[in-house]
Each structure stands twice: as C-alpha cells, then as structure tokens.
Amino acid sequence: MFFLLFMCASTSSSFNKRSLSALSTPAAAMGDSTTLPTKSRRWSLEGMTALVTGGTRGIGHAVVEELAGFGASIHTCSRKEEELVDCLKKWQALGFRVTGTVCDLSVRDQREKLMAEAGSVFAGKLNILINNVGTNVRKPTNEYTSEEFSFIMGTNFESAFHMSQLAYPLLKASGLGNVVFISSVAGVVAINSGSIYAATKGAMNQITKNLACEWAKDNIRVNSVSPWYIKTSLVDNILANKEFLDNVVSRTPLERVGEPEEVSSLVAFLCLPAASYITGQIISVDGGMTVNGFYPK
Ligand SMILES: NC(=O)c1ccc[n+]([C@@H]2O[C@H](COP(=O)([O-])OP(=O)(O)OC[C@H]3O[C@@H](n4cnc5c(N)ncnc54)[C@H](OP(=O)(O)O)[C@@H]3O)[C@@H](O)[C@H]2O)c1
C-alpha cells in the first residue's frame, strides 16, 4: 500500500474572457475557453487539485471526502501523524486521491512547508484552498490571557490569511481558483462562544469580500461558509451538556444541530464550475439560526 505523507512538524477585458474561462473546467480554461461546459462538467471537480487544512476530523474530513467524491485530488494536513495515516489508508481504499502533511498550522514556517509540499504534489497548480483549521478557548473577555489571544488569532485568522497568501501564485497558475474559508455564525451575530473566536471569524468574513474583489482578475473566487453547531470533536464536550444542547436546539428553527456533511456539501458546491458567478459571499449553514429574530415555540 502506498500513499504520500510529508512531515513538517518539528522533524519533520474583458467580461467575456474572464467569465468564459471561469465557467469552464481547468482543461477548457487553459485551452478552448469559448466552449461552454456540458452539464456534467459543470458538476464535476475531475482534474482539479485541492488543499484542505485539518482533514482528519469533523468538517475538514467531510470536505476531503466530498471534494474527492466529485473527482478532485486532495492534499490535507493535521498535527497527529497516526490519525492522518489512518485517514490516508481509508481514503486510498475508497479510491480517493489524497496525500497529507503532518504540521501545525499555527506555526508560520510549517505553513510554508505545507504549501511547498502541496505545490510539489500538484506541480505548482492549485484549484482549491479550504481554510478549515480552527480552534477555540471559551471564557469571558476580561479573563483571556495574551497567550490565549495569540493562540486563537494565530490558529484561526493569521493561519488562514497566510495560507491564502501562500496559495495565491498556485491558484493563479491553475487558471481557475477557489478559496473557501470555514468561518462561523459567531462571525455574523453575537453568540457566547468567546469574543476572540468571534473576532477571528468576523475577520475571515471581511477578507472574503476583499480577496474576492482583489483576485477576481485572476479567476479566483473567494467565499466563506459559516456554520452554527455541527457535531464534531471541537464541540463534543459542549453539546454533551443536555441543558446547553436544548438551548441550542430551541434557538434553531430546524430544531437540531448540523452534521459535517451538511457543511461539506455547500463547500463543494462553491468550488464547482456550476457556482462560477458566486464570489465574495458569506453563507450560513445554521438550520435558520441567524435569521431567527423572534419566533417563540
Ligand atoms: N463544529 C462546529 O460546531 C463549528 C461551528 C462553526 C465553525 N466551525 C469551524 O469549522 C472548522 C473545523 O472545525 P471542526 O469542528 O471540524 O473541528 P475539529 O473536529 O476539532 O477538527 C479540526 C481539524 O483540524 C486539525 N487541526 C486543528 N488545529 C490544527 C493545527 N494547528 N494545525 C494543523 N491541523 C490542525 C485537527 O487535527 P489535529 O488536532 O490532529 O491537528 C482536525 O483534523 C473550524 O474553523 C471551526 O471554527 C465549527
């Protein structure tokens, strides 16, 4: 059995031109950009390359499988070698093309190594970057230490910003690029998940708009997906508290929390040629929570 695993932890004019190539598959984007894609091409990621950060669990794991199911080749990462190896073996058995790097994305030079490795696996061309890695420390604002501020800012926002900078030349080289930030409803409305976490997600939502405008000339679309509570290891502990879970459910029009696959489906859609006119958007996957003003049961 062979799969590629890298270690970078401590060891380790015009409207016509732009819109037609954006509507095409990568091959068509590089060649015959006047041919509109067939229906099946609009709904396929065949031949495309993707870097998904934090693919071993939760939302990132579901995104890897969703993009692979649409035919993309993927590079992913996490800090835990054993978990990453297990995932790579599972994906290989499923026939998915996935490689990985062990790295900590809160560390600048490890982000640089990750992008260098993804660049070497994909021959310098990247179609899709999913900035998924994120963490949280929940506490009242006046109790945060400066270390906690740096940790949450570094892992959630600085990392996603820097990964986007690093990915830009590869996205541009592909002729058809997409960036999706995994943000949160905490960056859209005020919820009690911690003010630093909320600030990182609000910042992500803002740069989504800036990068969408700045990079449109390079055929790179940029969007943000903002989930409400999704069943993953990040929030297992919180959702295990029945009283809190009941509060979450009662605030959610669809009366339940979400599954990772309900987020990954939107992420994949945004990356498809079928979504070629969508950029700069912040879309919530939240069972209706953010539109729920006052509808008591
Ligand atoms: N779950 C929710 O309810 C929810 C709601 C709104 C937004 N989100 C956002 O969705 C994203 C994914 O969250 P999740 O719930 O799927 O989290 P999760 O279950 O904790 O999974 C996080 C993934 O990222 C990896 N990771 C974490 N920190 C890393 C680092 N510093 N360097 C490299 N890899 C790292 C983890 O692997 P290792 O631990 O092995 O490194 C794991 O693969 C986050 O940005 C989060 O803020 C989640």
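As the structure lists them, so they are numbered: ligands from 1, and atoms in each ligand from 1. For clarity, every value in this text was computed on a predicted model and none was experimentally measured.
Under a 4.0 Å criterion applied to the non-hydrogen atoms of Leu105, ligand 1 contributes the atoms 30 (C), 31 (N), 32 (N), 33 (C). For ligand 1, the atoms sitting less than 4.0 Å from at least one non-hydrogen atom of Ser184 are 6 (C), 7 (C), numbered in the order shown with element in parentheses. Every atom of ligand 1 is numbered from 1 in the order shown, and the set under 4.0 Å from a heavy atom of Ser233 is 18 (P), 19 (O), 20 (O). Heavy-atom contacts of Val235 reach the following atoms of ligand 1: 1 (N), 3 (O) (cutoff under 4.0 Å). Near Tyr229, the atoms of ligand 1 lying under 4.0 angstrom from a non-hydrogen atom of the residue are 3 (O).
The NZ atom of Lys90 sits 4.0 Å away from the CD atom of Glu65 when rounded to the nearest 0.5 Å. Distance CD/Glu262 to NZ/Lys231: 8.5 Å, rounded to 0.5 Å.
Within the structure, the closest approach of Lys201 to ligand 1 falls below 4.0 Å when heavy atoms are considered. Ligand 1 has no atom lying under 4.0 Å from any heavy atom of Thr135.
Around the CZ atom of Phe161, the shell of radius 6.0 Å holds no more than 12 heavy atoms that belong to other residues, nucleotides or ligands. For Asn192, the CG atom sits in a loose shell: 12 or fewer heavy atoms of surrounding residues, nucleotides or ligands are nearer than 6.0 Å.
Considering only non-hydrogen atoms, atom 33 (C) of ligand 1 lies nearest to Cys103 out of Cys103, Gly258, Gly54, Gly58. With atom 10 (O) of ligand 1 as the reference point, the heavy atom nearest to it among Val285, Ile182, Ile238, Ile230 is part of Ile182. With Thr56, Val263, Ile59 as candidates, the residue nearest to atom 43 (O) of ligand 1 on a non-hydrogen basis is Thr56. Considering each of Ser183, Ser193, Gly134, the one bringing a non-hydrogen atom nearest atom 7 (C) of ligand 1 is Ser183.
When side chains are defined from C-beta on, Gln110 does not count as touching Thr101, because their heavy atoms never get closer than 4.5 Å.
Protein heavy atom nearest atom 13 (O) of ligand 1, with residue, atom name and distance: Leu234 CD2, 3.9 Å. Of the protein's non-hydrogen atoms, Pro227 O, 3.2 Å is the one closest to atom 6 (C) of ligand 1. Nearest protein heavy-atom contact of atom 14 (P) of ligand 1 is Thr232 OG1, 3.5 Å. The shortest contact between atom 36 (C) of ligand 1 and any protein heavy atom is with Arg57 NH2, 3.7 Å. Protein heavy atom in closest approach to atom 35 (C) of ligand 1: Val133 CG2, 3.6 Å. With hydrogens left out, the protein atom closest to atom 5 (C) of ligand 1 is Trp228 O, 3.3 Å, a heavy atom. Of the protein's heavy atoms, Arg79 NH2, 3.5 Å lies nearest to atom 27 (C) of ligand 1.
Applying side-chain contact (heavy atoms from CB on, under 4.5 Å) to Val179 and the options Ile128, Leu171, Leu211 leaves one that passes, Leu171.
Side chain of Glu143 to main chain of Pro140: no donor-acceptor pair is present (N/O by atom type, distance under 3.5 Å, no hydrogens or angles). Between the side chain of Ser44 and the backbone N or O of Glu46 there is at least one donor-acceptor pair closer than 3.5 Å. Checked by atom type and distance alone, the side chain of Ser174 pairs as donor or acceptor with a backbone atom of Leu176 at under 3.5 Å. Checking side-chain atoms of Asn156 against main-chain N and O of Gly134 turns up no donor-acceptor pair under 3.5 Å.
Using a 4.0 Å cut-off between heavy atoms, Tyr197 contacts ligand 1 through its side chain alone, with no backbone atom that close. With a heavy-atom cut-off of 4.0 Å, Asn132 touches ligand 1 through backbone and side chain alike. At a heavy-atom distance under 4.0 Å, no atom of Lys231 approaches ligand 1. Under 4.0 Å from ligand 1, heavy atoms of Asp104 appear from its side chain as well as its backbone.
Salt bridge status for Lys242 with Asp246: present, with a side-chain N to carboxylate O gap under 4.0 Å.
Using a 3.5 Å distance cut-off with no hydrogens or angles, the side chains of Thr141 and Ser195 do pair a donor with an acceptor.
Classified by interplanar angle (parallel below 30°, tilted 30° to 60°, perpendicular above 60°), the ring pair Trp91/His61 is tilted.
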